[in-house]
Colleague: 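Have a look at this one.
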Amino acid sequence: MKLNIPKDKAIEILEKRKSEIYRPDFEPSVWKGTVDEDLKAIFGYLDSRWLKISQIRFDTYIESDKIKVFETGRKQASGFMDTFIEQIKEYSKIQEENIIKSETVYKQKYKECQQEVNQLMNQLDEAITIANDNFDELKKQDSEIASLKKNTVQLQDITIIKLFKLLGNLPVKQIVGLISIIIGILAFAGWCGSQIEKSTNRTITVDYKEEIQQLKKDNSNLNDSIVSLNKILLEKEKVLKTVIKKDSLK
């Protein structure tokens with residue numbers, strides 16, 4: 001049952017019509033017409049309650065039965081008014097209970113959505129932190145690689161011209177002895193430097209390439225996770241907005 005006007009107002013109107021039944025100036029035809037319009041305004045034009053009022057008899061052609069029929073009509077009219085009022089109270093109570101249940105359900109759903117959104121936000125923050133850490137680690141590894149390459153023994157900068165400039169200011173005997181020593185040192189240093197460079201470059205290349213590839217892979221996975229979390233967050237926000245909108249309409 002759906003009321004077209006507030007419950008209290010509908011009861012007030014029907015109580016007033018009931019009180020009119022036993023007035024000295026009670027006019028059945030006028031009263032029936034008024035109640036007919038009231039019922040249609042309260043319950044709608046498709047409701048059939050007005051038919052019950054229209055079927056009440058307040059008069060008869062038999063003179064001896066006129067008073068009896070009139071009083072019976074009054075009792076029927078009063079009884080219908082009581083019935084309609086009671087129906088409004090009962091159905092309104094049921095509707096109020098249903099509204100309370102619905103509000104409880106929506107509040108619970110709203111609370112659950114808030115918790116899910118908070119969890120997603122926390123996961124997103126963690127993912128962003130991990131991604132930033134990986135970016136920092138990748139930069140650190142790049143810096144270490146550059147430093148190792150810079151500090152590796154390099155012989156390409158040592159030239160004959162530079163050696164002669166250094167030796168030009170020394171005595172002949174010292175030059176001869178020094179050249180012999182330098183040649184030996186350079187030969188040994190060249191061999192050691194070559195071996196160290198090969199070993200270091202090979203180790204660095206293998207180790208750091210693997211770490212860099214793994215970091216890039218982890219970073220890509222984190223980016224995918226962040227995108228996925230953002231999509232889930234947007235969906236949850238839509239559900240949350242829908243729940244809030246329904247709750248506000250209630």
Colleague: Run the numbers on Val69 and Phe58 for side chain to side chain contact (heavy atoms under 4.5 Å, CB included), then give the verdict.
Modeller: CA-CA 6 Å; Val69 170; Phe58 289 98; 5.8 Å; no
Colleague: With a 4.5 Å cut-off on side-chain heavy-atom distances among I, L, V, M, F, W and Y, is there a chain of contacts connecting Ile56 to Ile62?
Modeller: no
Colleague: Given Asp82 and Glu15, is the side chain to side chain contact (heavy atoms under 4.5 Å, CB included) satisfied, shown in steps?
Modeller: CA-CA 8 Å; Asp82 289 336; Glu15 290 283 4; 5.8 Å; no
Colleague: Evaluate the side chain to side chain contact (heavy atoms under 4.5 Å, CB included) criterion for residues Leu39 and Lys52: first the C-alpha distance (whole Å), next the side-chain angles of each, then the deciding distance (0.1 Å), finally the verdict.
Modeller: CA-CA 11 Å; Leu39 293 176; Lys52 296 178 180 180; over 6 Å; no
Colleague: Can you find a heavy atom in the side chain of Ile53 that is under 4.5 Å from one in the side chain of Phe84?
Modeller: yes
Colleague: Tell me whether Arg49 is salt-bridged to Asp47, with the criterion being a basic N under 4.0 Å from an acidic carboxylate O.
Modeller: yes
Colleague: Does OH belonging to Tyr91 count more than 12 external heavy atoms closer than 6.0 Å?
Modeller: no
Colleague: Rounded to the nearest 0.5 Å, how far does OG1 of Thr34 lie from CD of Glu27?
Modeller: 10.5 Å
Colleague: Rounded to the nearest 0.5 Å, what's the gap from CG on Asp59 to CD1 on Ile67? Could you check?
Modeller: 11.5 Å
Colleague: If you measure from OG1 on Thr72 to CD on Gln76, what distance do you get to the nearest 0.5 Å?
Modeller: 6.5 Å
Colleague: Take Lys93 and Glu90 through the test salt bridge (Lys or Arg N to Asp or Glu O under 4.0 Å) and record every step on the way to the result.
Modeller: CA-CA 5 Å; Lys93 183 179 180 180; Glu90 289 180 356; over 6 Å; no
Colleague: How far apart are the closest heavy atoms of Ala10 and Ile42, and which atoms are they?
Modeller: CB-CG2, 3.8 Å
Colleague: With rounding to the nearest 0.5 Å, note down the distance linking CH2 in Trp50 to CZ in Phe43.
Modeller: 14.5 Å
Colleague: For Tyr61, is the OH atom crowded, meaning more than 12 foreign heavy atoms sit under 6.0 Å from it?
Modeller: no
Colleague: Under 3.5 Å, side chain of Asn122 to main-chain N/O of Asn118, donor-acceptor pair present?
Modeller: yes
Colleague: Please round to the nearest 0.5 Å and tell me the distance separating atom CD1 of Ile11 and atom CE of Met81.
Modeller: 13.0 Å
Colleague: Measure the acute angle between the ring planes of Phe26 and Phe70, then classify it against the limits of 30° and 60° as parallel, tilted or perpendicular.
Modeller: tilted
Colleague: With a sphere of 6.0 Å drawn around NZ of Lys66, does it hold more than 12 non-hydrogen atoms of other residues, nucleotides or ligands?
Modeller: yes
Colleague: Decide yes or no on side chain to side chain contact (heavy atoms under 4.5 Å, CB included) for Lys16 and Glu12, but give the supporting numbers first.
Modeller: CA-CA 6 Å; Lys16 182 179 180 181; Glu12 179 184 345; 5.8 Å; no
Colleague: To the closest 0.5 Å, what do you measure between CD1 (Ile88) and CD1 (Ile5)?
Modeller: 7.5 Å
Colleague: Testing the basics here: between Trp31 and Ala77, what is the closest heavy-atom pair and its distance to 0.1 Å?
Modeller: CH2-CB, 3.4 Å
Colleague: Just by modelled atom types, is the Lys89 backbone N or O under 3.5 Å from a matching donor or acceptor in the Ser92 side chain?
Modeller: no
Colleague: Before accepting this row, confirm whether a basic side-chain N of the pair Glu20/Arg17 lies closer than 4.0 Å to the acidic partner's carboxylate O.
Modeller: yes
Colleague: Is it the case that one hydrophobic cluster holds both Tyr45 and Ile13, taking links as side-chain heavy atoms less than 4.5 Å apart, direct or via other members?
Modeller: no
Colleague: At their closest point, which heavy atom of Ser78 faces which heavy atom of Lys18, and how far apart are they?
Modeller: OG-CE, 3.5 Å
Colleague: Kindly indicate, with the supporting measurements, whether the criterion salt bridge (Lys or Arg N to Asp or Glu O under 4.0 Å) is fulfilled by Asp36 and Lys32.
Modeller: CA-CA 6 Å; Asp36 178 88; Lys32 288 172 68 175; over 6 Å; no
